[in-house]
**Student:** 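Starting off with a structure, shown below.
Per chain, numbering begins at 1; letters A, B, ... match sequence-line order. Remember, predicted model here, so these are calculated numbers, not experimental data.
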Amino acid sequence: MARHVVASVGEIAPGTCKAVTVAGRDIGVFNVNGEHYALINRCPHEGAALCTGLITGRFTSERPGDYRLTHVGEMLRCPWHGWEFDIKTGESWCHPESVKARTYPVTIVPGQALAKGPFVAETVPVTIEQDYVVVEL
Amino acid sequence: MNVAVTDRQPDTATQSKLGFVDCDVHPYTKSPADLDPFLSQRWRDLRASTGARSRGPFANAPNYPRMSPGVGMRMDAWPEDGGHPGSNLKMMREQLLDAFDVAYGMMMPLLGRGGDERNVEFGAALCTAANDWQAQVWCDAEPRLKASVQVTAEYPEAAVKEIEKRAGDRRFAQVMIPPRGLEPLGRRRYWPVLEAAAANGFPIALHLGGTSGHPSTGGGWPSFYHEEHPSYPQSKEALVTSLVIEGVFERIPNLKIALVEGGFAWLPSLTWRLDKQYKRLHAEVPHLKRLPSEYIRDNIWVTTQPIEEPERPADLLATCEWIGWDRIMFSTDYPHWDQDDPRYAFKVPVPEKEKQMIFRDNAMAFYGLG
C-alpha cells in the first residue's frame with residue numbers, strides 16, 4: 001500500500017471535490033466541512049463518475065408533512081440515476097449494507113514530513129511550508 | 001440484490017466491437033433560436049410574440065420536477081460551451097457514439113414540441129422545422145445519427161404530407177408521434193397518419209412524453225415525479241391496447257411500432273390479459289381475426305430503457321423470453337438522467353446470441369439499416 005499526495009490543504013474548498021487518478025484508479029477527493037474523504041469515482045450502479053454529481057444532504061421524515069434535512073454536505077448524489085452515497089463511509093442510501101462506493105483512507109500530512117517519504121507525488125508540487133492531503137491505496 | 005458494477009465485468013456487445021444501435025438519443029438545440037432558420041417569417045413572429053402553447057398545464061415547464069437541472073439531464077452532460085446537454089456533437093461523440101462504438105443512433109428530438117401544439121398549423125410548421133434541423137444540423141454532420149419524422153397527429157393532412165416529403169430520404173428512419181394524444185392512438189381519426197407511415201416504409205416510434213392535457217395516469221394527476229415516472233408503462237399499455245383492439249394491425253398489417261422509454265417487463269402480463277379477455281369478448285370486436293398476442297408479436301417492438309431491475313436479476317431473462325428476444329432493442333436515452341449505460345444496464349449476463357440481437361441485429365432489421 002502506497003501513500004499518494006493528491007492535493008494541498010486549501011486546494012479543495014469545503015463542499016467540493018477533486019477528481020484524481022491514483023495508480024490507475026479514478027478517485028474523488030472531497031472536502032466535507034473541512035474534513036477530507038476519498039471515494040472511488042465510479043457509481044456501483046451503472047458506472048457514472050460520482051465526482052460530477054451533486055453534494056447534498058439527507059432528507060428524512062417521521063411522517064407525511066414532517067421533513068428534516070440532516071447530514072448537510074455529507075451525501076453525494078450520482079449524476080445519472082440519483083443514487084445517494086454517504087461521502088464519509090461510501091454507504092449507499094438504498095442498500096447501506098451491501099452497496100458501497102469504495103472508500104480510501106485519507107490523512108493530512110505536513111510538507112515537512114513528506115520530505116522524509118515514502119510518498120508518491122507525481123502531480124502535486126510539495127513544499128515544506130504546506131500541509132497535504134494524502135490518499136492511501 | 002443487484003450486483004454492483006465494480007464486482008463484475010461490463011456486459012455489452014461492444015466488448016466484441018460489434019457496434020450497437022441506440023434506439024433513443026436526444027439531440028437538443030443550443031438555443032431555441034436554432035430552429036428559426038427553418039421557420040417562415042409568419043411562424044418566427046408567432047413564436048417570438050406568443051410562443052408555443054401545448055395542451056398541458058404549463059407553457060414553459062414540465063408537469064413534474066425532474067431529478068436534475070435542465071428538465072432531468074445527466075449532470076455530467078453539460079457541455080463547456082454553455083449549451084444544453086445533447087446540443088454538442090463533439091460531447092455526444094465522446095460520451096456516447098465513440099465511447100460505445102455506436103453503429104447508429106436513432107434521434108428522438110423533444111424540442112419544438114410541434115406534436116403537442118394547440119395551434120396545429122403552427123405545430124405542423126414546428127415539426128417540419130425540427131425535421132429539417134435534424135437532417136441538416138445532425139445527420140449531415142454525423143451519418144451515424146438517424147432522424148425521426150416529427151408530425152402532429154391532430155392535423156393528419158399535414159402529417160401525411162410531411163411523411164411523404166421525407167420518404168426515400170435515408171437520413172430519416174422512422175416517424176415519431178407523441179403517444180399521449182387527445183385520444184388513444186388506435187382511433188380511426190389517426191389512421192391516415194399510421195397508414196402513411198407504413199405505406200412509405202417508416203416504422204413509428206412512440207416515445208414517451210407529450211402533454212395531451214389528460215392526467216398521466218388513469219387515476220388522475222399524480223403528486224410526485226416518483227408517481228409520474230412509473231406512469232410510462234401505463235401510457236404504453238393504453239397505446240398497445242388501443243392499437244390492437246381498434247383493429248389497426250388488421251387494417252395495416254405491415255405497420256411496425258417501436259415503444260420507446262417505457263421499459264418492457266409489463267408487456268407479457270398485458271398480452272396474457274388481452275388474450276384471456278379475447279376468448280370472452282371477441283364478439284364485441286369481430287374485426288379482430290387473431291389473438292391480441294399475435295398482433296403484438298408481429299407488429300410491436302420494445303426498447304429497453306428505463307430497464308427494469310428485478311430483485312432477482314435473472315428474472316429479466318425470462319421476461320425477454322416471453323416477449324421474444326427478436327422484439328427487444330437497446331436504448332440509452334442519452335443525455336437524460338435516467339439513461340441506461342449499455343455496459344451495465346442488464347444486471348444479469350445475457351447470452352451472446354441474444355445480446356447481439358438486442359444490441360444490434362433487431363434494430364438493424366427493424367430500421368432496414370446496414
Side-chain angles (χ1 to χ4, degrees), chain A residues 15-19 22-28 30 38-57 59-61 63-65 67 75-87 89-104 137, chain B residues 1-12 14-15 65-70 72-80 85 91 94-96 99-100 223-227 229 263 304-309 311 313 330-348:
Chain A
T16 66
C17 159
K18 181 185 181 184
V22 178
R25 294 203 187 191
D26 293 325
I27 290 174
F30 296 82
L39 291 180
I40 192 164
N41 191 14
R42 191 173 142 80
C43 182
H45 177 225
E46 287 200 19
L50 289 172
C51 262
T52 56
L54 181 74
I55 295 172
T56 178
F59 262 110
T60 55
S61 171
R63 63 191 72 79
Y67 304 101
M75 299 298 288
L76 177 64
R77 185 182 295 163
C78 177
W80 292 3
H81 305 100
W83 281 31
E84 289 166 344
F85 298 89
D86 185 323
I87 297 170
T89 64
E91 286 178 356
S92 66
W93 178 87
C94 53
H95 295 291
E97 313 78 26
S98 53
V99 176
K100 286 186 186 180
R102 181 160 180 191
T103 58
Y104 299 92
L137 80 161
Chain B
M1 188 55 248
N2 293 318
V3 181
V5 294
T6 41
D7 299 339
R8 64 186 176 85
Q9 288 302 305
D11 185 34
T12 167
T14 60
Q15 289 302 294
R66 298 294 171 108
M67 191 63 209
S68 51
M73 296 298 140
R74 236 174 88 161
M75 286 179 69
D76 60 349
W78 293 87
E80 281 173 4
M91 189 171 205
E94 285 167 6
Q95 292 193 322
L96 179 70
F100 300 124
S223 302
F224 301 102
Y225 184 39
H226 200 326
E227 289 177 273
H229 206 274
T304 51
Q305 185 273 342
I307 197 164
E308 281 84 358
E309 297 179 2
E311 191 64 25
F330 193 80
S331 57
T332 63
D333 191 33
Y334 177 88
H336 290 168
W337 77 273
D338 50 352
Q339 60 127 51
D340 282 327
D341 185 301
R343 295 168 298 175
Y344 304 112
F346 281 89
K347 301 296 179 195
V348 56

**Student:** In the structure I gave you, are the side-chain heavy atoms of A/His45 and B/Tyr344 within less than 4.5 Å of one another anywhere?
**Tutor:**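 Not touching, per the 4.5 Å side-chain cut-off.
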**Student:** Can you establish whether the number of heavy atoms outside A/Tyr67 located under 6.0 Å from its atom OH is more than 12?
**Tutor:**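 It does: A/Tyr67 OH has more than 12 such atoms within range.
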**Student:** So, does A/His81 use its side chain to make a donor-acceptor pair with the main chain of B/Gln339 at under 3.5 Å?
**Tutor:**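 Pair found, side chain donor or acceptor close to backbone of B/Gln339.
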**Student:** Counting C-beta onward and ignoring hydrogens, is there a side-chain heavy-atom pair between A/Arg77 and B/Met75 closer than 4.5 Å?
**Tutor:**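 The answer is no, as the side chains (C-beta and beyond) never meet within the 4.5 Å cut-off.
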